[in-house]
Amino acid sequence: MIPSEDLLRIAHWARLLPADEIERARRGVTLRTLSKGGYLCHRGDVLDAWTGVISGLLSLGSTTAGGKSATYAGLSPGMWFGEGTLLKNEPRRYEVIALRETRVAVMNRKTFDWLFENSVGFNHFLLRQFNERLGQFIALVEHDRTLDATARIARNLAWLLNPALTPSAGAHIEITQEELGLLSGLSRQAANRALKTLEEQCLIKLERSGVTVSDRGRLAAYGD
DNA sequence: GCATTAACACGTA
DNA sequence: TACGTGTTAATGC
């Protein structure tokens, strides 16, 4: 259980809810810290919770039988995820790993179900989030085969800062080039080259342990 | 050709 | 000192 002020700070969707629903929500949320490399869940786990990233960075991906790992998306502060698994009541299909020490907020299933059944504001948020994710998925199947390293980095960066999913995030994100490489399936060196290319085109500004995006629209459409 | 790993130099927290 | 970054060299598909 966490105070209402904390919930409002870490969960932008809470602002869509009336006071009584915020009260209900905060009672079902606990905080947890994952250390670097730690698993939030493995593939096949039944994780009975909905999760929000407070600080740090998570990667969502899978590992093949051969031990090869693939990352599908980064989860940055402000993002909430896992609703698909909860609504379908099935095991997690992916694994979620902390790329660095990460604070998460965990909402238990009972609370999630109650909000889903009773809160109009909560459902508006879920629908909006589904819509945004569907848009990303469509873009992925449309262009994935032809994307080069620079475009993959550009897309991952744009996704991490999607204002519909992380309205609290500005144009700046704290992420190392190595972490961006992990998310994009590239080595640190290749990620560095791709980022330099994007910086030369004035789409981003590189900083130590961070990137500031100057033109998110062009970044998201890079390579199209 | 483009990506990967390994290695090293450099600046900063 | 440890870490993030920028670069180069050797190697693989």
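All chains are named by letter (A, B, ...) in the order of the sequence lines, taking the proteins before the strands, and each is independently numbered beginning at 1. Atom set for the values below is all heavy atoms of this structure, side chains included, hydrogens, waters and symmetry mates excluded.
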- Task: Using the test side chain to side chain donor-acceptor pair (under 3.5 Å), find all partners of A/R103 that sit at least two apart in sequence or belong to another chain.
- Result: A/T33

- Those residues at least two apart in sequence (or on a different chain) that pass side chain to side chain donor-acceptor pair (under 3.5 Å) with A/N89 are A/R109

- Message: Protein within reach of the bases, or only the backbone? For nucleotides 3-13 of chain C, mark each nucleotide 5' to 3' as B, S or -, using heavy atoms under 4.0 Å.
- Response: BBBBBB-----

- Task: Describe, as an angle rounded to 10 degrees, how the axis at the first end of the helix from B/dG1-C/dC13 to B/dA13-C/dT1 is tilted relative to the axis at the last end, five pairs per end.
- Result: 10°

- Query: Should A/W114 and A/W50 be marked as a ring-ring contact (aromatic ring centres under 6.0 Å, His included) after you check the CA-CA gap, both sets of side-chain angles, and the distance that decides it?
  - Reply: CA-CA 13 Å; A/W114 187 90; A/W50 192 50; over 10 Å; no

- Message: Suppose we screen for salt bridge (Lys or Arg N to Asp or Glu O under 4.0 Å). Which residues come up paired with A/R208, at least two apart in sequence or across chains?
- Response: none

- Query: Which residues pass the salt bridge (Lys or Arg N to Asp or Glu O under 4.0 Å) test with A/E90, sequence neighbours left out?
  - Reply: A/K88

- Message: Over all strands shown, is A/G185 touching base, sugar-phosphate only, or nothing at heavy-atom distances under 4.0 angstrom?
- Response: sugar-phosphate

- Check salt bridge (Lys or Arg N to Asp or Glu O under 4.0 Å) between A/E178 and all other residues, then give those that pass, not counting sequence neighbours. none

Review item, side-chain donor-acceptor pairs of residues 192-200 of chain A, under 3.5 Å, at least two apart:
| from | atom 1 | to | atom 2 | distance (Å) |
| --- | --- | --- | --- | --- |
| A/N192 | ND2 | A/Q177 | OE1 | 2.8 |
| A/T197 | OG1 | A/R193 | O | 3.0 |
| A/E199 | OE2 | A/L206 | N | 3.0 |

- Item | Counterpart residues, salt bridge (Lys or Arg N to Asp or Glu O under 4.0 Å), relative to A/R216 (two or more places apart) | none

